[in-house]
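Each remark here refers to the structure printed beneath this line.
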Amino acid sequence: MDKDLLSQKIKITGQQLGFDMVGISKAEFLEEEAPRLEAWLENGQHGKMQYMENHFDKRLDPRKLVDGAKSVISVIHNYFPETSYQQPEGAPKISTYAWGEDYHKVLKQKLYRLYEMIGEEVGELPAGRVFVDSAPVMDKAWARKAGLGWIGKHTNLISPQRGSFFFIGEIILDLELTYDGPIKDYCGTCTRCIDACPTDALTPYQIDSNKCISYLTIELKSSMDKAFGDQLEGWAYGCDICQEVCPWNKFAKPHSGEEFKPLDHILDFGPREWEELDERQFKKLKRRSAMNRVKWEKMKSNLKMIFR
Ligand code: SF4
Ligand code: SF4
């Protein structure tokens with residue numbers, strides 16, 4: 001099949017599978033991102049996320065992840081909930097991405113279906129791999145290159161039509177396709193995210209993970225410094241403040257799928273349920289949701305910071 005036609009078909013099928021947008025870029029060295037990543041690591045702004053230092057070359061070049069890779073197909077999947085869904089008053093705040101089913105599983109299933117469809121169209125499955133937060137892939141950089149949005153001053157991808165509450169996934173594959181290009185940066189003179197960040201973790205287009213509540217409550221495996229405890233503004237797992245204040249999120253539309261509908265721990269857990277949460281209950285809720293990045297000890301210490 002002609003590559004223009006196939007690229008078009010990939011986008012249509014991706015949308016039929018429930019992805020909001022699909023874009024394609026050439027698999028090549030991430031020239032622009034390389035010096036920024038290097039400086040960020042050198043300045044220690046990745047905190048204790050040791051894994052960010054590993055596979056430096058692979059992170060910047062998808063051909064080192066998939067032999068002979070020619071294309072990166074990027075997808076975004078909206079998880080913005082209906083406004084009627086809210087956590088009960090006073091409950092420790094959980095980042096919206098962790099309200100529903102574990103996105104790794106949901107997105108991977110859909111990406112594998114898209115990958116199979118490509119195999120059917122070309123007659124054999126081209127060499128490739130599917131990624132959802134699972135390997136050293138700079139997903140925001142690839143989505144930007146594929147024209148799905150720009151990377152805002154809060155370092156998240158923003159779609160002019162959809163805001164920034166979405167998951168990102170990729171298929172890296174050994175198949176030449178038709179490539180999209182990046183779009184303009186529409187942040188302009190706005191600094192709302194930087195001004196709203198309670199821990200001063202942001203400078204334009206740069207995040208210091210050491211100060212970010214998402215890092216402190218999820219990625220940092222030990223308990224956070226008590227000084228940060230006063231700045232959490234109620235967040236016990238992740239933080240959405242810089243996205244909530246971004247004017248582009250007025251374009252966010254609630255998703256229509258069942259997968260990311262809020263689970264019981266969001267709708268039914270009030271402050272009392274969270275305060276009395278025990279290891280057994282936490283393990284149960286972790287099984288389905290994307291809150292699986294933290295162990296019970298860490299969650300317990302986050303909750304302690306909120307309820308002290
Ligand atoms: S997620 Fe929260 S703490 Fe982290 S940069 Fe955004 S506003 Fe600041
Ligand atoms: S809040 Fe303003 S500066 Fe920050 S990402 Fe959104 S548009 Fe850009």
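Reckoned from all heavy atoms, side chains included, excluding hydrogens, waters and symmetry mates. Order of appearance sets the numbers: ligands from 1, and atoms from 1 within every ligand.
Counting heavy atoms under 4.0 Å from ligand 2, residue Trp248 touches it through the side chain alone. With a 4.0 Å cut-off on non-hydrogen atoms, Ile207 touches ligand 1 through its side chain and not its backbone. Contact annotation for Thr199 and ligand 1: only side-chain heavy atoms (C-beta onward) come within less than 4.0 Å of the ligand.
Side-chain N/O atoms of Glu53 and His46 include a donor and acceptor closer than 3.5 Å. Tyr79 and Glu101 share no donor-acceptor pair across their side chains, judged by distance under 3.5 Å alone. Side chains of Thr96 and Asp240: a donor-acceptor N/O pair is present below 3.5 angstrom, by distance only.
Residue Ile241 has at least one heavy-atom neighbour below 4.0 Å for each of these atoms of ligand 1: 7 (S). Remark: ligand 2 atoms within the under-4.0 Å shell around heavy atoms of His154 are 5 (S). Proximity to Cys190 (heavy-atom distance under 4.0 Å) selects the following atoms of ligand 2: 1 (S), 2 (Fe), 3 (S), 7 (S).
Atom 2 (Fe) of ligand 1 has an N, O or S atom of Cys239 under 2.8 Å away, backbone or side chain. Taking 2.8 Å as the threshold, Cys193 counts as a candidate ligand of atom 4 (Fe) of ligand 2, since one of its N, O or S atoms lies below it.
Nearest non-hydrogen protein atom to atom 7 (S) of ligand 1 is Cys242 N, 3.4 Å. Nearest protein neighbour of atom 4 (Fe) of ligand 1, counting heavy atoms only, is Cys212 SG, 2.4 Å. Ranking the protein heavy atoms by distance from atom 8 (Fe) of ligand 1 puts Cys197 SG, 2.3 Å first. For atom 3 (S) of ligand 1, the closest non-hydrogen atom on the protein side is Ile213 N, 3.2 Å.
For the pair Glu219 and Lys48, the salt-bridge criterion is not met [side-chain N within less than 4.0 Å of a carboxylate O]. Ion pairing between a basic and an acidic side chain is recognised when a charged N comes within 4.0 Å of a carboxylate O; Arg162 and Asp20 show such pairing.
Close placement of the Phe167 and Phe260 rings is indicated, their centers lying within 6.0 Å of each other.
Screening Lys145, Lys26, Lys11 for a side-chain hydrogen bond (donor to acceptor under 3.5 Å, both in side chains) with Asp180, the sole residue that qualifies is Lys11.
Between Tyr97 and Tyr237, the angle of the ring planes lies from 30° to 60°, which puts this pair in the tilted group.
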